[in-house]
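Read the structure below first, then the notes.
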Amino acid sequence: MTSIFEKARTLVLSNIHSLLDAAIDLNSIGAIKQHVRDLEKARDSIADEAAVADGRATALDRDIRELESKKVATEENIDLLLTDGDDSNDHHAMPLAEQVMQIDDNIAAKQAELVDQRALVANLEDARMKLTTKHAEMLRSLNRLESMERAAVAREQAAKALSGAAAVAGVDVAASVDSVTQRVRDRDAVSKARFDRALAGIGDEGPADAVRASQAAALIAARRAQLQKKEGADAA
């Protein structure tokens, strides 16, 4: 029985130590998440194992007390047989003495098992505490890395936005603004000159108006000549 519990203790604790000593890539959030899950599972499993071992130790302690009580009662029966003044029944003390010897063997075996069981409980509790501490440490690392990852994503998005703005406005913002200002000023000057020329041309006759004016003058001159000729003919 002792060897079975010893093997179980060795197997359980070796697995725990392997888990605690596992090399984890702190740059891999996925690996840390998996390790945190493994630690949680192992912690819960160890807690269950510790509860079972503690229950077993309690049962062994109870068995030992019961055996000790039985031993006392058996020894009292032996004493009663040996002191009753009747030598004819003393032979009944022999099997009772053998029972006491058997009880002593059982008590010794259970006490040895109890020592191992209590050691197992202590080791399991120590492993549970180490797992709890390791779990808290890895959880802090996970939260820190997730926060850093969120910050990195935000910075990347901000960098993309700023890069897009720089592509539109130019890398040298001040120079770009000066360039735009100069282009606006030049355009304003050109549009003003055009407007002034158009405004000045409103009061002047255009080429078509000049031609029609000449034609009208020629028409008037021809009419005047005809009138004068007619007047001359009437006078004659």
Side-chain angles (χ1 to χ4, degrees), residues 15-16 18-45 47 128-236:
N15 290 338
I16 295 304
S18 297
L19 184 60
L20 290 172
D21 296 337
I24 302 300
D25 181 7
L26 293 181
N27 292 321
S28 172
I29 292 180
I32 293 180
K33 285 184 177 180
Q34 182 59 50
H35 192 57
V36 168
R37 289 192 291 269
D38 292 342
L39 289 170
E40 290 174 349
K41 182 178 179 180
R43 180 196 60 193
D44 295 341
S45 176
R128 188 189 68 80
M129 293 298 296
K130 288 180 179 178
L131 283 169
T132 300
T133 301
K134 186 68 172 180
H135 175 265
E137 174 188 343
M138 296 304 295
L139 197 58
R140 286 193 297 270
S141 297
L142 176 60
N143 291 335
R144 183 174 63 254
L145 284 179
E146 287 182 332
S147 177
M148 291 172 60
E149 185 180 46
R150 288 192 296 269
V153 171
R155 282 193 295 269
E156 289 175 355
Q157 292 176 345
K160 289 180 180 179
L162 291 174
S163 177
V168 174
V171 177
D172 189 345
V173 176
S176 178
V177 170
D178 291 341
S179 177
V180 172
T181 301
Q182 186 60 46
R183 288 198 301 272
V184 171
R185 287 176 178 173
D186 293 344
R187 183 176 179 181
D188 181 66
V190 171
S191 63
K192 187 175 183 301
R194 290 176 177 173
F195 177 77
D196 290 343
R197 285 199 301 271
L199 184 60
I202 291 176
D204 297 335
E205 295 180 352
D209 293 335
V211 171
R212 291 188 64 80
S214 297
Q215 292 176 343
L219 179 60
I220 292 173
R223 294 292 297 175
R224 182 177 290 115
Q226 290 179 358
L227 290 173
Q228 291 175 352
K229 181 178 181 181
K230 182 179 180 182
E231 290 176 356
D234 292 340

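- Under a 3.5 Å cut-off, the side chain of Thr132 and the backbone N or O of Arg128 do form a donor-acceptor pair.
- You'll find the side chain of Val36 reaches within 4.5 Å of the side chain of Glu40, heavy atoms only.
- Between Glu137 atom CD and Ser141 atom OG the span is 5.5 Å, to the nearest 0.5 Å.
- At a threshold of 4.5 Å between non-hydrogen side-chain atoms, the residues Leu39 and His35 count as touching.
- To the nearest 0.5 Å, the span separating CZ on Arg150 from CG on Leu145 amounts to 10.5 Å.
- From Ile220, atom CD1 reaches atom CG of Leu227 across 11.5 Å, with rounding to the nearest 0.5 Å.
- Rounding to the nearest 0.5 Å gives a distance of 12.5 Å between CZ of Arg43 and CG of Asp38.
- The distance from the CZ atom of Arg144 to the CD atom of Glu149 is 14.0 Å, given to the nearest 0.5 Å.
- In summary, Glu146 and Lys33 engage in a salt bridge, as defined by a charged side-chain N under 4.0 Å from a carboxylate O.
- Distance NZ/Lys134 to CG/Leu139: 13.0 Å, rounded to 0.5 Å.
- Side-chain atoms of Arg37 and Gln34, non-hydrogen and from C-beta on, do get closer than 4.5 Å to each other.
- Between the side chain of Thr133 and the backbone N or O of Met129 there is at least one donor-acceptor pair closer than 3.5 Å.
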